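In what follows, a single structure is set out as structure tokens and then discussed.
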Amino acid sequence: MAEKIVLIDGHSILNRAFFGLPDLTNSEGLHTNAIYGFLNIMLKLLDEEKPEYLTVAFDVHAPTFRHQMYEEYKGTRKPMADELRQQVPVMKEVLRSMGIRIIEQEGLEADDLLGTLSKRCESEGMDVTIISGDRDLLQLATDKVKIRIPKTKQGRTEVEDYYAADVKERYQVTPLEFIDMKALMGDTSDNIPGVPGIGEKTAAKIITEYHSIENAYQHAGELKPPRASKAIVEYWDMAVMSKKLAAICVDASLDYDIESARLGNIFTEEAYTLFQKLQFKNLLSRFEVKGPSHAVEDSFRTAGSREEAERILEEASEAETLGVAVFRRTAEALPLFAGEARIGGVALCFGEKEIYCIPEEKMEIAELLEKLEKLSAGPKTLSVFHLKETMKYFTPSVKDNCFDGIIAAYLLNPLKNDYGFEDVAREQLDLLLEEKMEDEKKACYEAYTAYASAAPLQDKLEEAGMWKLFKEIEMPLVFTLFDMEQNGVRVEADELKDYGNRLAVQISRLEQEIWQEAGEEFNINSPKQLGVILFEKMGLKGGKKTKTGYSTAADVLEKLAPDYPVVAKILEYRQLAKLKSTYADGLAAFISEDGRIHGKFNQTITATGRISSTEPNLQNIPVRMELGRLIRKVFVPEEGFVFVDADYSQIELRVLAHCSGDKQLIEAYREEKDIHRITASQVFHTPFDQVTDLQRRNAKAVNFGIVYGISSFGLSQDLSITRKEAAQYIEQYFHTYPGIKIFLDDAVKQAKDKGYAVTLFGRRRPVPELSSSNFMQRSFGERVAMNSPIQGTAADIMKIAMIGVNDRLKSGNMKSRLVLQVHDELLVEAWESEAEEVKKILKEEMEQAASLAVPLEIDMHTGKSWYEAK
DNA sequence: TTTTTCACG
DNA sequence: ACGTACGTGAAAAAC
């Protein structure tokens with residue numbers, strides 16, 4: 001069989017990948033989507049082709065737009081996006097690291113390199129495959145030269161293949177005739193003029209019949225549309241020149257030795273390091289599992305007897321650093337950490353060579369965990385991944401030696417979607433793990449990773465100035481959140497059910513009425529069906545908004561509601577349907593045997609440092625509308641207890657006042673209660689007691705806008721005013737509070753310089769969007785840079801308060817318990833006789849959590865349900 | 001699996 | 001011209 005070479009049109013594929021994939025960046029802010037897409041296409045096609053040789057061709061003067069996707073640019077040349085430009089040299093570096101031959105030559109475009117190489121290889125009897133996104137290359141197809149054009153559609157790569165015969169079939173012209181066609185029709189994206197007045201259709205017709213421009217010129221008088229005859233004569237010079245431009249050079253003189261393109265192992269050590277840096281996680285799995293992991297594995301020991309297990313535990317109690325992993329049997333391991341799973345055993349690591357597994361067969365789980373708890377006070381560092389979840393199995397004896405590498409990894413990069421120990425192993429230890437392995441082995445790896453990653457993670461946290469944040473806030477918070485999850489919140493199942501039933505009655509009534517008015521039955525929950533009914537069948541005006549069709553979002557419908565009663569009913573239906581499905585039915589499913597909901601409070605989800613709540617989400621229980629608010633009546637304290645609810649008063653604005661140091665705003669907070677009214681008074685130069693409701697409302701919206709990273713557009717939307725008016729409000733605001741403007745500008749500048757935003761407590765949030773050339777993305781980055789320090793600092797403060805409150809309740813041996821956190825609000829289920837003490841604790845811990853330039857204040861209420869206590 | 005909608009701070 | 005306020009999670013429909 002003939003040997004095969006694959007030739008890749010470098011810039012063309014890089015371009016395809018760039019535009020086909022969403023923006024990706026590694027944690028250093030380097031854009032990587034084009035490289036990632038290129039590699040995926042290349043690896044997929046290499047798997048299919050299995051060639052002996054491979055070469056990637058680049059233009060020397062990188063970004064001409066010859067190979068730009070013409071669909072996107074329609075011939076207009078824009079400068080190459082910065083995000084793409086910066087990826088070109090990195091792409092070449094990646095290819096070099098994989099030992100892949102790159103060819104680029106002064107004065108020659110990639111097309112010419114590919115043309116010359118393909119002819120040369122073909123004449124030497126090889127099979128040739130050219131990979132490009134550019135259809136110009138089709139002129140090179142023969143029955144030995146295949147052109148492959150990859151298309152990225154919704155993440156999947158589809159490839160169109162063309163041998164000469166396929167070109168003929170698809171375009172009715174031979175590959176060589178393609179050149180003549182282009183000579184006639186021209187190509188603006190390639191600066192080929194063509195013949196004026198002849199487009200694709202005419203060109204195709206002429207070339208199908210006469211096969212070349214020269215022959216067509218001979219028969220100029222007979223050409224089909226008479227104007228073409230005239231055109232080809234009049235512009236013959238241009239046609240000839242265009243043909244020269246369109247023809248890809250196939251006989252350039254190249255400095256190229258085919259043997260330099262021979263494909264070896266492309267998954268080299270060097271490439272591995274580079275992929276790691278670029279954070280191409282799932283490409284890394286293509287590399288052979290490397291040496292170090294096997295070396296680690298050699299030290300794994302599973303206790304063969306009870307005596308051995310005891311000896312291991314004995315030794316572990318002497319450890320300075322102890323890595324622990326409690327594991328479950330695979331069959332029961334899904335979903336992770338759910339329910340009362342049977343434990344498979346424990347893995348321990350306290351040295352590079354001391355990695356042990358103690359399976360339940362060798363020691364009763366209860367006894368094993370008890371011994372583990374006893375010895376857990378010993379080590380200086382007790383390293384456990386997913387500590388909060390692990391605490392369902394065993395409780396560390398002391399808190400301050402605990403180290404959760406997952407939390408550390410989150411602080412170091414809070415933008416990731418999930419954090420597994422496998423990632424920590426790879427990132428901190430260069431340890432690549434196989435996808436599947438036995439439970440014991442996996443547990444040993446986890447224990448080893450916990451042991452070995454603690455020091456490097458600490459180094460990195462210290463380097464980033466986040467060690468204190470980690471040690472004093474995040475790690476203690478693990479215990480607070482664990483307690484809250486264990487406590488749960490009591491929910492009256494029967495009452496909730498009644499509430500749901502009442503909703504159901506109203507829902508079906510509304511449903512009937514809406515169907516009646518629409519004249520047919522349809523699914524009101526379907527935005528698609530609803531859009532068609534409203535905007536097509538019933539002819540309401542309200543145009544399209546989403547990609548898929550009409551927007552039926554509340555703000556659109558609200559504008560129509562006054563004129564169309566049916567729309568108002570739809571809005572009401574929506575509201576009720578939401579309450580029933582998400583809250584009435586949704587919450588009911590989570591009430592456990594003890595009559596309480598034990599939701600999860602997640603510490604490694606948000607980009608800003610806030611806590612998130614899931615299964616169910618207890619941070620979005622309705623409150624703004626009365627009907628929804630009623631749900632809070634089913635959240636009740638146990639008999640003998642009462643709810644105490646405390647929430648920070650405008651914590652984010654106070655943080656802003658502090659961080660900006662703005663004299664006026666600080667002063668405002670020191671004197672009065674109603675900050676929005678003060679703002680209105682100062683911004684609109686109106687005496688405090690003469691501020692109108694409208695002025696106050698506007699000032700409030702501006703205050704919110706500031707915290708979100710103000711934009712005139714956003715404010716105009718919120719207030720239903722023009723952008724210009726919104727811009728004026730903002731200008732007046734900044735004039736009143738000049739310190740705020742300076743602070744926000746500086747926040748953006750700092751984030752641009754460093755690549756991340758920082759809170760008062762050192763928490764970082766990377767903002768890669770700031771370097772985007774896309775206006776929208778960059779603007780988003782700017783708003784994020786303004787918002788993150790504020791939202792994040794408020795989150796830090798709340799975390800400090802929670803730890804303080806919970807610790808005081810526990811150390812005072814109180815029956816009262818912390819049950820919920822809703823970003824700026826804490827709910828405590830207080831033993832009645834302790835209620836006053838609880839209020840005192842809440843007030844002190846929340847108001848003293850941070851010492852700012854303005855006082856932190858809370859509002860507090862007591863009640864026999866969450867509804868009453870708010 | 002992704003999109004749309006909507007609940008909260 | 002671009003088409004958004006910041007941060008979340010869940011349900012239902014569409015794909």
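On a predicted model such as this, the values are computed, not experimentally measured, just so you know. Here is how names work: the chains are called A, B, and so on, in the same order as the sequence lines, proteins then strands, and each is numbered from 1.
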Whichever of A:Y583 and A:S712 has its nearest DNA chain C nucleotide further upstream toward 5':
A:S712
Please tell me which of A:M776 and A:V784 maps to the more 5' nucleotide of DNA chain C, matching each residue to the nucleotide holding its nearest heavy atom.
A:M776
Ignoring the backbone of [X], work out which of [options] is nearest its side chain.
X	options	answer
A:Y708	C:dG9, B:dG9, C:dT4	B:dG9
A:T614	C:dT4, C:dA10, C:dG7	C:dA10
A:T582	C:dA10, B:dC6, C:dA14	C:dA10

Any donor-acceptor pair under 3.5 Å between the side chain of A:R783 and the base of C:dT4?
yes
Counting distance alone, no hydrogens or angles: does the base of C:dG7 have a donor or acceptor under 3.5 Å from a partner atom on the side chain of A:R765?
no
Should [X] be listed as having a side-chain N or O under 4.0 Å from OP1 or OP2 of [N]?
X	N	answer
A:S612	C:dG9	yes
A:N620	B:dC6	no
A:K528	B:dT3	no
A:S779	C:dC2	no
A:R574	B:dC6	yes
A:T548	C:dA14	no
A:S526	C:dA14	yes

Under the criterion side-chain hydrogen bond (donor to acceptor under 3.5 Å, both in side chains), I'd like the reasoning laid out for A:R654 against A:S649: C-alpha separation, chi angles, the key distance, then a yes or no.
CA-CA 9 Å; A:R654 288 172 198 261; A:S649 158; 3.2 Å; yes
Given the P atoms of B:dA7 and C:dG3, what is the spacing between them in whole Å?
27 Å
Atom P, compared across B:dC6 and C:dA1: separation rounded to whole Å
31 Å
Quick one: does NZ or CZ of A:K388 land under 6.0 Å from the six-membered ring centre of A:F482, within 45 degrees of the ring axis?
no
Does the cation-pi check pass for A:R765 over A:Y756, that is, NZ or CZ under 6.0 Å from the six-membered ring centre and within 45° of its axis?
no
So if I apply the side chain to side chain contact (heavy atoms under 4.5 Å, CB included) rule between A:L826 and each of A:M802, A:M860, A:E845, which one comes out positive?
A:M802
Using a heavy-atom cut-off of 4.0 Å across all strands, would you classify A:L715 as base, sugar-phosphate, or nothing?
base
Please give, in whole Å, the distance from C:dG7 P to A:L415 CG?
10 Å
Between A:K752 and A:E782, what is the shortest heavy-atom contact and its length?
NZ-OE2, 3.5 Å
